[in-house]
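Every number for a ligand or one of its atoms is a count from 1 in the order of the listing. Computation of the quantities below employed the complete heavy-atom set of this structure, encompassing side-chain atoms and omitting hydrogens, waters and symmetry-equivalent molecules.
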Amino acid sequence: MRVTASAPGKAILCGEHACVFGEPAVAMAINLRAKASAKLRKDELVHIVAKDIGASGYFEGKEFKSEVGGMEARLKLEPIQFAVEEVLRSARKVAGINLEVQSDIPIAVGLGSSAAVAVASATAASELLGLKMKKEDICSIAFRSERIVHINPSGIDNIISTYGGAILFRKGTEFLRLRIPVEFPLIVGDTRISRSTGEMVSFVKESKEKYPDVVEPILRSIGQLSERAAKALEKGNLEEFGEFMNINHELLSAIGVSNEFLDRLTHVARKAGALGAKLTGAGGGGCIIALALPDKVNSVMKAIEREGGSPFIVRKDDEGVRCWSEG
Ligand code: MEV
């Protein structure tokens, strides 16, 4: 029997970085997914194939044998292996698993690919072993897997990928589901520059320690914006939400996580008629998101492309992780 699970990527609509320090943030699951397929093996190895990241190999406990991608493959596959091992530990089972991972979510550009892979992998392994783990346990495994990748994540990515929809998140508290009465396409502008979330988060932490009187009020303002952005979305007031996106981008820029490319993309998107545009995720590369009414979507996409970005449209995905089996 083969069990497959898929989990969505995400876009942070407001509040990234500030949420690491306990401020609220708004996130939305997007209709790009990571998929993990699991099958039992006759031995006790965990064999992982992740073609998208050019890595495959076997884990036997802590030992790793690379097949594709050399020893770098170990770093790429370890968070996935961790998720599978945690499931095996919960099952109190010694078993071997073949796991194949594939993702539509661009990697390391702020759209939550690593969390989606961890959520899908833990779910596929758990269903394969007949565990029927609760979503909250899957989410917690994915969070710990994310710590291997991002060092000090807030937990927003694994939550949105597990549960789907749109949420108001605050670290250490129950998240709030947002009911948004309007459908809207979100335009993503990918710089195709990958960067490390962990390093960007450490950079903000260092600035906060160096200039607490300056950086802390900015992070608090971002938190206030997230509260307002959540209310604007629940009222279906996209114009107001767009204004908050713009302010959020400039505040993120003030704490040093934007760059010239991201700034240019947000400016051309606004000039082409977007209601709002901001970087999304950790910044320093990665993507911007822009919100536009239907008659402006094409011109915003063209403007992003002219500026050297790679534009595509994503929509809200209300379904979190899902799972099915074959054979
Ligand atoms: C990453 O998607 C968003 C950050 O706020 C980090 C985090 O919340 O874990 C930059």
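The closest side-chain donor-acceptor pair between Glu146 and Ser114 falls under 3.5 angstrom. Under 3.5 Å, the side chains of Arg147 and Asn152 contain no donor-acceptor pair of N or O atoms. Using modelled atom types and a 3.5 Å distance limit, the side chains of Ser56 and Glu67 yield a donor-acceptor pair.
The two residues Ala7 and Ile105 have their closest heavy-atom pair at O-CD1, 4.3 Å.
The protein residues lying under 4.0 angstrom from ligand 1, judged by non-hydrogen atoms, are Lys10, Ile12, Glu16, His17, Cys19, Val20, Pro153, Ser154, Ile156, Asp157, Val201, Ala282.
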I'd like a table of donor-acceptor pairs (distance under 3.5 Å, sequence neighbours excluded) in which one partner is a side-chain atom from residues 283-309, with atom names and distances.
unit_1 : atom_1 : unit_2 : atom_2 : d
Ser299 : OG     : Ala272 : O      : 3.1
Ser299 : OG     : Lys296 : O      : 3.0
Glu307 : OE2    : Arg264 : NE     : 2.7

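Taking the six-membered ring for Trp, Phe59 and Phe64 have ring centres closer than 6.0 Å.
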